[in-house]
*Asks:* 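Have a look at this one before I ask anything.
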2 protein chains.
Amino acid sequence: MASKLPVSLKDIAEAAGVSTITVSRALRGLPLVKPDTRKQITEIANRLGYVPNQVASSLRSRKTGLIAVIVPTVAGSIFSDTVNSISNELGKAGYQIIIGESSYDIDQEQAVLEALVQRRPDGVIIAGVNHTRTSRELLALMNVPVVEIWDMTDDPVDSVVGFSNRGAAYQFTLALIEKGYRKFAIASGPMEHRNRAQQRAVGHCEALAEKGLSSFGSIVIPHFMGMLSSGETLLKFVTDTSDVDCLFCTNELIAIGATVQCRRAGMRIPDDIAIVGFGNVEAALIIDPPLTTVTIHGAEMGREAARIVFECLSGKRDGHVSIDVGYTITWRGTA
Amino acid sequence: MASKLPVSLKDIAEAAGVSTITVSRALRGLPLVKPDTRKQITEIANRLGYVPNQVASSLRSRKTGLIAVIVPTVAGSIFSDTVNSISNELGKAGYQIIIGESSYDIDQEQAVLEALVQRRPDGVIIAGVNHTRTSRELLALMNVPVVEIWDMTDDPVDSVVGFSNRGAAYQFTLALIEKGYRKFAIASGPMEHRNRAQQRAVGHCEALAEKGLSSFGSIVIPHFMGMLSSGETLLKFVTDTSDVDCLFCTNELIAIGATVQCRRAGMRIPDDIAIVGFGNVEAALIIDPPLTTVTIHGAEMGREAARIVFECLSGKRDGHVSIDVGYTITWRGTA
DNA sequence: TTGTAGGCGTTATCAA
DNA sequence: TTGATAACGCCTACAA
């Protein structure tokens, strides 16, 4: 608070000739204040330009009105639906979110979490179910509602709202095989211990194996590479890998990039090569042909997670909720 | 703080046999603590799982480490570069941002500001230069660095980092006329008193007038309409408006939508109609043809604004800075 | 319906 | 180099 707003409850109390607690009650709309008193107090508060100090309030009441939200990245459109719906949903209830970025790394996630915890959020919503031991301990120690999102697990910290990344990739791959594709290559973001990219790759491979197929190739695209440059890389990859008939991308951005670059290189999609994504972002609709993909219900996950946090905080619920929001295979033009 | 983390400075002080203030100093890395003492304290703090309470610290020190950022919307890609670069830049210095959405409305902006001020941010970065009287008063009252971004003004609240929306539209229009276009129609977001859409429209019309041209039509697209649906509306608009050779869009999303839908309807771009945008977002690069537009330096504005806030807070500077980051006309395929 | 007393956990200030 | 004291602004608990 470099911001020294000069008017406090005490000033209003003095001006109104009542005690600070009466002012506090009046301004918070508690029912035990005489209407006249309240009216007078409200007037004085407005006249003096009073702005409540939520920092002091938070310290005393042990309620910050802050919900920590941790996602891999806020750049790009992947998690923005989720974050927006959390923000909108919790905003209605008077909560504010503070965002941390894990940069797809559980140690970074831990560092971000440690920083956010210092602000004593009333709840935590965190993408992913794989965390460091310290992170899990910290989450438990905080004693606030925690909701993990964007994946499922049998061993949640508290509540979880997600979908099976592995299952989605598995079913999607089966559906693609059903459609006639046989020669798959996979393009993925970096895979680490049980992260979502890995789970998707696993599901994809399981489906291939089940149908007696094997992969024609695989390539990893680093995080934070732009759509177009990953597309160039993938164009080269599919050109160099003979005979692929379907490029299975475990994330939407690289699928879009690949589609754009392959088309610009003169390939016919899906005839020369099919390309599929995973996630469904708005940009998938503006390319030609529009992208066949798995729609992930990011906004819904955010909304449900926010609802759970809110209901736990208002005592309507006890945590330990698991919700599988599923996924939807969305056929468009690229496969 | 539903989050009752059980260990406080006092607990550590007792375990270490020193006073709380010594613990405080040790943990903050202040230079007046004996290395031995510090080492012992650090050890105990780790062992007990101490997490500093920034709420208490903020109350006492009058520093929250929070910077309020207010933008029209965080959905969509328009302001995300700006917000990200603010966040990254301030993050380096240990600040955290809290975001508010004005929804393109100065009364809503005021409401959001009033809510954010209660958290006593150490600084404010706010998109736009047109605010309610109350908002301006509040910003002044807070006595923290304030940076307005995304536009220029002669009468900033404190500092301003932006560019001339009017000037950009004016120059861009002149350049388009130079290129041979004569029959312009304009598509814009809602225009209100001196907002950016209006300034852009004004600049566009000034250029037309200067060259003795007049507009062939205009249409307003409401906020928050998706790219594709605004594109449909615009396709109908240009089909119904005879003879237009260039659709001047004052925002990028509607330009992209229009390009996609016109092309899907079989129009040749730019031969049948040229379409230009304003802003330059990543999606402008993946459509065909890629969009000719004005590149706005959103990340740079964010970076500079963050730098100013930081420098003011560290006493290196006094506020009252004006920076014009300019804009760049980016020729691609649609005009 | 209103008030008194005290404390939330930390840090500024002054003293030793 | 360390400590005692008080205060930041508000709200909980209890009392009247």
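Protein chains get the first letters and strands the later ones, always in sequence-line order, with residue 1 at the start of each. Nothing here was measured: the structure is a model prediction, and the numbers come from that model.
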*Asks:* Return the OG to NZ distance between B/S57 and B/K63, rounded to the nearest 0.5 Å.
*Replies:*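 NZ of B/K63 is found 9.0 Å from OG of B/S57.
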*Asks:* To the nearest Å, how far apart are B/R28 CZ and C/dT10 P?
*Replies:*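 Going from B/R28 (CZ) to C/dT10 (P), I get 11 Å.
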*Asks:* Return the value, rounded to whole Å, for the distance between atom NZ of A/K63 and atom C1' of D/dT12.
*Replies:*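 These atoms are roughly 10 Å apart.
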*Asks:* Bend across the helix from C/dT1-D/dA16 to C/dA16-D/dT1, to 10°, with axes taken over 5 pairs at each end?
*Replies:*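 Inter-axis angle at the ends, rounded: 30°.
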*Asks:* Looking at the side chain of B/T37, which of C/dT2, D/dT2, C/dT10 is the nearest nucleotide?
*Replies:*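 My answer, after comparing the listed nucleotides, is D/dT2.
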*Asks:* Counting heavy atoms from C-beta on, name the nucleotide in D/dT12, C/dT2, D/dT2 closest to the side chain of A/L32.
*Replies:*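 My answer, after comparing the listed nucleotides, is C/dT2.
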*Asks:* Please determine, for the side chain of B/A56, which listed nucleotide (C/dT10, C/dA12, C/dT1) has the closest atom?
*Replies:*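 Closest of the options to the side chain of B/A56: C/dT10.
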*Asks:* Side chain of A/T22, heavy atoms from C-beta onward: which of C/dA12, D/dT2, C/dT2 has the nearest atom to it?
*Replies:*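 Nearest to the side-chain atoms of A/T22, counting from C-beta on, is C/dT2.
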*Asks:* Is it the case that the base of D/dA7 and the side chain of B/R60 share a donor-acceptor contact (distance under 3.5 Å, atom types as modelled)?
*Replies:*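 Answer yes: a donor N or O sits under 3.5 Å from an acceptor.
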*Asks:* Classify the ring geometry of A/F79 against A/W150: parallel below 30°, tilted from 30° to 60°, perpendicular beyond 60°.
*Replies:*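 Tilted, since the angle between the ring planes falls between 30° and 60°.
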*Asks:* Among C/dG9, D/dG3, D/dT1, find the nucleotide with the atom closest to the side chain of B/N53.
*Replies:*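 Comparing C/dG9, D/dG3, D/dT1 against the side chain of B/N53, the answer is C/dG9.
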*Asks:* Looking at B/R62, does any N or O in its side chain come under 4.0 Å of the phosphate oxygens OP1/OP2 on D/dA7?
*Replies:*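 So the side chain of B/R62 is outside the cut-off, no N or O lying under 4.0 Å from OP1 or OP2 of D/dA7.
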*Asks:* From CD of A/E14 over to P of D/dG9, roughly how many Å is that when rounded to an integer?
*Replies:*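 That distance rounds to 13 Å.
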*Asks:* Check the distance between D/dG9's P and A/D11's CG and give it to me in whole angstrom.
*Replies:*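 Atom CG in A/D11 sits about 9 Å away from atom P in D/dG9.
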*Asks:* Do B/D155 and B/R136 sit within salt-bridge range, that is, some charged N less than 4.0 Å from a carboxylate O?
*Replies:*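 Answer for the salt bridge query: yes.
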*Asks:* Got a salt bridge between A/E300 and A/R303, using NZ or NE/NH1/NH2 to carboxylate O under 4.0 Å?
*Replies:*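 A/R303 and A/E300: not salt-bridged.
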*Asks:* When rounded to the nearest 0.5 angstrom, what is the spacing between CD1 in A/I125 and OG in A/S159?
*Replies:*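 With rounding to 0.5 Å, CD1 (A/I125) is 10.5 Å from OG (A/S159).
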*Asks:* Identify whether the distance between the nearest side-chain nitrogen and carboxylate oxygen of A/K316 and A/E311 falls below 4.0 Å.
*Replies:*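 Salt bridge: no.
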*Asks:* Report the distance from atom NZ of A/K10 to atom P of D/dC10, rounded to the nearest whole Å.
*Replies:*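 My rounded result for the distance is 11 Å.
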*Asks:* Considering only D/dC10, C/dT10, D/dT12, which nucleotide approaches the side chain of A/S61 most closely?
*Replies:*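 The nucleotide sitting nearest to the side chain is D/dT12.
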*Asks:* Please tell me if A/Y50 has a side-chain N or O lying less than 4.0 Å from either OP1 or OP2 of D/dC10.
*Replies:*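 Yes, A/Y50 has a side-chain N/O under 4.0 Å of OP1/OP2 on D/dC10.
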*Asks:* Indicate yes or no: does A/R133 engage A/E137 in a salt bridge with an N to O separation below 4.0 Å.
*Replies:*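 So A/R133 pairs with A/E137 through a salt bridge.
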*Asks:* Between A/L66 and A/I97, does a side chain to side chain contact (heavy atoms under 4.5 Å, CB included) hold up when you go through it step by step?
*Replies:* CA-CA 5 Å; A/L66 248 25; A/I97 68 172; over 6 Å; no
*Asks:* In whole angstrom, what separates B/Q118's CD from D/dC10's P?
*Replies:*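 After rounding, the gap between these two atoms is 10 Å.
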*Asks:* Would you mind telling me which residue lines up with the more 5' stretch of DNA chain C, A/I21 or A/P31, judged by nearest nucleotide?
*Replies:*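 Its nearest nucleotide being more 5', the pick is A/P31.
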*Asks:* Tell me the interatomic distance from B/L59, atom CG, to C/dG7, atom C1', rounded to whole angstroms.
*Replies:*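 Atom-to-atom, B/L59 to C/dG7, this comes out as 12 Å.
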*Asks:* At less than 4.0 Å, is any side-chain N or O atom of A/S24 found next to OP1 or OP2 of D/dC11? Yes or no.
*Replies:*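 Affirmative; the distance criterion is met.
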*Asks:* Evaluate the ring planes of B/Y104 and B/H223, with Trp represented by its six-membered ring, and classify them as parallel (under 30°), tilted (30 to 60°) or perpendicular (over 60°).
*Replies:*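 Because their plane-to-plane angle is under 30°, the rings of B/Y104 and B/H223 count as parallel.
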*Asks:* Do you know the tightest heavy-atom contact between A/Q96 and B/I98?
*Replies:*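 The pair with the smallest heavy-atom distance is NE2-CB, 3.9 Å.
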*Asks:* Under 3.5 Å between N/O atoms: give me all the protein pairs with nucleotides 14-16 of chain C, atom names plus distance.
*Replies:*
none

*Asks:* Examine C/dG3: is either OP1 or OP2 under 4.0 Å from a nitrogen or oxygen in the side chain of A/S19? Give yes or no.
*Replies:*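 Indeed, a polar side-chain atom of A/S19 lies that close.
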*Asks:* Round to the nearest Å and state the distance from A/L30 atom CG to D/dT12 atom C1'.
*Replies:*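 Answer to the nearest Å: 12 Å.
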